[in-house]
Structures are given as C-alpha cells and as structure tokens.
Amino acid sequence: CPKQERNSHPLWGRGLIFLFPMTLLGPFTELLTLQNLPMRGALQDEQIEIIPDAGVLYNADGIIMAVGKFLEMKKDALIQGYAIETITESLVLLPGQIDCHTHTCYAGNRAQDFAMRMAGKAYLAIAKAGGGIMHTVRATREASLETLKALTRTRLLRHKKEGITTCEIKSGYGLSFEAELKMLQVIADLQQEDTGIDLIPTCLAAHICPPEFENQKAYITHLITMLLPEVKKRNLSHRIDIFVEETAFDAENARYYLEEAQKMGFALTLHADQFHAFGSKLAVEMNAQSADHLENSTEEAIEYLAQSNTVAVALPGASIGVGDKFTPARKLLDAGAILAIATDLNPGSAPMGNLLLQASILAMYEKLSTAEVFAAITFRAAYALGLQDRGTIEVGKRADFVTFKTTDYKNILYQAATTEHIHGTWLKGVKTF
Ligand code: NIG
Ligand code: FE
C-alpha cells in the first residue's frame with residue numbers, strides 16, 4: 001500500500017505528495033531516461049537519451065506522468081497548481097538501481113574464509129571441508145528473527161546509500177523448514193517496515209543439501225512436498241533459486257526440482273556455471289528468468305543464452321571474492337544475450353557489495369559501454385526479476401530514482417569507489433535518504 005509506505009518516511013516529499021495530486025521535480029543538469037533501448041545485446045553510449053535541464057512529474061502514487069524540459073513543465077505545473085520541488089544544485093538523475101541477486105539476509109562472518117582464499121585455498125575446497133555456506137547456515141539458524149532482521153536492515157541501509165531502490169534477497173542459509181521460513185519472514189517484515197528499498201524475496205532453500213538429509217533427492221523431495229507449499233501458502237516468495245554445482249545440486253536433481261517448482265507456479269532462477277560449466281543450459285531449457293554467475297560458461301552456453309529470454313546475470317563481486325574470471329559479459333552482449341549485473345552480496349564468495357563499483361570494474365575488464373552497464377543495473381535487471389514497472393524514466397513507470405552530485409553522467413562509474421557523489425535515492429517519488 002503506497003500510502004503506508006509514505007507515512008513512515010520522515011523526510012521531505014511526504015507532506016507535498018499528499019497535498020498535491022502531482023509533483024514536479026527538477027531541474028536536473030542531465031536526466032538519463034534509458035527508455036527506448038533494446039532489451040538484448042550491445043549498446044553504444046550515443047543511444048542513451050539524455051535530457052538536459054530536465055524535470056520529471058509524478059502522481060501521488062509515485063508513478064511518472066511526464067518527463068521533459070523543466071522550464072516548460074514548470075509553466076504548466078504553475079497553471080495546474082502542482083507541487084514543485086526545485087533542485088538548486090547540479091544533479092544527474094538516473095533510474096534507481098536494481099540489484100537482482102543478493103544474499104543480504106544472513107548472520108555470522110566468513111573473514112576467515114576470505115583470508116584463506118586470498119592465501120590460495122579454493123572456495124570449493126573450503127566448502128568440501130565443511131566450511132563455506134554451511135558455516136553461515138549454522139550462524140543463521142542460531143540467530144533469532146529479530147537479530148536477523150536487524151542485520152539485514154543495516155545492510156539495506158548501505159544499499160540505499162549506494163543508489164539501490166529494488167533489491168532481490170534470497171533465503172538459502174536456513175536449509176531447514178523453520179530456518180528457511182524464518183529468513184523469508186525477515187524479508188517480508190522488512191518489506192512491510194519500508195526500508196526505502198523495494199524487496200523481492202527468492203526462496204533458495206536448494207542452496208546446498210544440508211547434512212540432516214541423506215542425499216540430494218531426499219532433500220529436494222522435502223522441499224517440494226513440505227517447504228514450497230508453505231512458502232506459497234504464506235505468500236513469502238514467488239520465485240525459487242537452485243545452486244547447480246559440484247558441492248551443491250547435480251543437473252538431474254536440479255531439473256526435477258525446477259520442474260516441480262514451476263508446476264507450483266514459481267518463477268525460476270539458477271546459480272549456474274560458477275565453477276563448472278553446468279546449469280545455464282538447464283536454465284534456458286526451463287525458461288528460467290535468469291542464469292546467474294556464468295564465470296565458467298562455455299562458448300556453447302553463451303550461444304544458447306543469447307538465443308533465449310533467460311537473463312545472464314554477471315556477479316563481478318563473486319569473481320573478485322573468489323579470485324575467478326569475470327563472466328564473459330562482452331561475448332554475451334555481442335551474441336545478443338540480455339545482460340544484468342548484480343552484487344551477489346553474501347558473507348562468503350562476494351562480501352564486497354557496492355553495485356556501481358563492481359559494475360565499473362567488470363566494465364573495465366570486459367570492455368562494456370556505460371550504456372551497457374546502466375542497462376544492466378536498471379531495466380535489464382528489472383526484466384531478470386520479471387518486473388515491468390521500473391528500470392527506466394518514462395511515463396507509467398515507478399518514480400524510483402538515484403541522483404548524483406555531478407554535471408556529467410560519465411563521472412558516475414569513474415567515481416564509483418566512493419558514495420560521496422550520490423545525492424539521494426527516491427522510492428515512488430519520495431526521497432528516502
Ligand atoms: O552466489 N554460489 C553459491 N552461492 C553464493 C555464495 C554463498 C556463500 O559463499 O555463502 C554465491 O556465490
Ligand atoms: Fe549468489
């Protein structure tokens with residue numbers, strides 16, 4: 001309910017948005033609409049629509065009603081009696097960033113794993129020795145709902161300050177009926193609480209097979225017969241994820257799980273091709289929303305991803321966090337795939353966070369244009385989550401924005417190591433920080 005969302009915002013915008021049917025915001029030195037760009041394939045910076053001295057008009061439900069030149073819009077706003085929020089500094093406005101793959105909800109710390117990986121121990125070797133994901137599972141099972149909520153809330157605050165307005169969050173560190181539901185409940189509670197970020201929950205109960213189950217099949221059967229019906233009943237998530245990997249689930253069990261979950265009405269996403277090239281083919285065959293990681297995808301995998309509507313999600317923070325190659329983003333785009341970029345924020349493989357920084361590093365190594373990066377963290381990421389109401393600045397979309405203290409959009413990725421230049425994030429027209 002949008003009104004409730006706004007009531008809990010202490011900041012400016014709230015009063016005006018209730019008093020007036022429409023709010024005009026501007027002028028912005030540059031407004032990048034990102035509209036009219038293709039969903040798939042390579043992009044040139046020249047294709048970005050940039051409106052100088054721009055304004056954006058949105059209604060009381062936080063939906064964009066007009067985008068254009070501020071001065072012209074102001075004349076009309078005065079006649080109509082709309083609220084006018086005048087910006088007095090030089091700002092660049094972009095659609096709010098969408099982080100379409102995170103594990104933001106967890107307890108515990110894996111600094112020891114990180115130190116071991118820096119010193120040369122492999123991620124999969126740590127996992128096989130009983131550490132890795134299972135370490136976080138133990139800490140997350142022990143944490144109370146309130147503790148987990150507080151930890152996640154703090155991480156979301158950082159995300160918000162980095163310009164993120166929509167954040168996917170996975171379960172997957174519970175791996176038991178109770179603990180998975182606890183994680184999903186944390187996400188649901190935070191969504192109700194209104195953190196200033198719209199949350200998309202994903203059930204990743206099939207992260208790895210927990211030791212309580214004798215084999216993958218037994219655990220998958222438990223998930224299908226017990227957990228997923230309950231997740232559905234409580235309306236805690238409408239999408240499921242599975243980690244297809246040597247230390248997690250094999251392709252056969254994964255296919256069975258995906259088929260059954262799909263029959264139950266869940267949308268699908270996969271952790272695929274992270275260390276070994278399997279998972280992405282299955283993702284395409286199952287018409288999954290996305291196949292994420294892909295650090296070790298083959299040329300063949302790139303081709304079939306490119307022929308599909310399954311979004312290829314690059315997670316540069318995981319490449320950096322385990323010292324592996326980057327997802328072949330350039331090849332994927334040149335082949336015609338839909339590329340999104342996400343943080344994978346988690347305590348193990350990708351503790352880095354900071355989507356803009358990760359994206360700029362990936363771009364430098366993979367040779368991506370700024371347009372390709374911006375698309376990958378906005379409307380293409382929205383597509384990966386099945387969301388059609390956000391990701392561009394255009395009439396009918398949500399007024400979710402991020403504003404930067406600069407006169408030139410090229411400074412955004414250039415200065416990505418700091419958040420100093422981020423002026424604010426706006427959710428449905430309300431400035432939330
Ligand atoms: O996306 N690869 C599997 N899952 C997570 C890592 C989880 C962890 O290491 O705690 C990922 O990299
Ligand atoms: Fe992940």
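Numbers here simply count residues along the sequence, with the first being 1. When reading the values below, keep in mind they use all heavy atoms of this one structure, side chains included, and skip hydrogens, waters and symmetry mates. Counting starts at 1 for both ligands and their atoms, in listed order. Everything numeric here is computed off the predicted structure, so don't read it as measured data.
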Does ligand 1 have an atom under 4.0 Å from some heavy atom of [X]?
X: T136; result: no
X: H293; result: yes
X: H207; result: yes

Does any donor atom in the side chain of Q358 or T343 lie under 3.5 Å from an acceptor atom in the other side chain?
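No, T343 and Q358 have no side-chain donor paired with an acceptor closer than 3.5 Å.
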
Distance only, no hydrogens: is a donor on one side chain within 3.5 Å (strictly under) of an acceptor on the other, for D324 and N296?
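Short answer, yes.
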
Residue, atom name and distance, where the atom is the protein heavy atom closest to atom 2 (N) of ligand 1:
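Of the protein heavy atoms, Q274 OE1, 2.6 Å lies nearest.
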
Any idea which protein heavy atom is nearest atom 7 (C) of ligand 1, and the distance to it?
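Checked against all protein heavy atoms, atom 7 (C) of ligand 1 sits closest to Y173 OH, 3.3 Å.
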
Just jot down the ligand 1 atoms closer than 4.0 angstrom to any heavy atom of H101, in number order.
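Result: 1 (O).
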
Of all the atoms in ligand 1, which lie at a distance below 4.0 Å from a heavy atom belonging to D344?
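Every atom of ligand 1 under 4.0 Å from some heavy atom of D344: 1 (O), 11 (C), 12 (O).
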
Could you tell me whether [X] and [Y] have a side-chain N and a carboxylate O separated by less than 4.0 Å?
X: R330; Y: E372; answer: yes
X: E178; Y: K182; answer: no
X: R390; Y: D198; answer: yes
X: E230; Y: R234; answer: yes
X: R153; Y: E193; answer: yes
X: R255; Y: E252; answer: no

Around atom CZ of F177, are there more than 12 heavy atoms of other residues, nucleotides or ligands at under 6.0 Å?
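Buried by this count: over 12 neighbours within 6.0 Å.
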
With ring centroids as reference points, do H103 and H101 lie under 6.0 angstrom apart?
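Yes: the rings meet the under 6.0 Å criterion.
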
Contact check: Y123 vs ligand 1, nitrogen or oxygen atoms, below 3.5 angstrom
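Yes, at least one N or O pair falls under 3.5 Å.
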
Around the Fe ion (ligand 2), list the protein N/O/S atoms within a radius below 2.8 Å, excluding water molecules.
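Protein N, O or S atoms closer than 2.8 Å to the Fe ion (ligand 2): H101 NE2, H103 NE2, H271 NE2, D344 OD1.
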
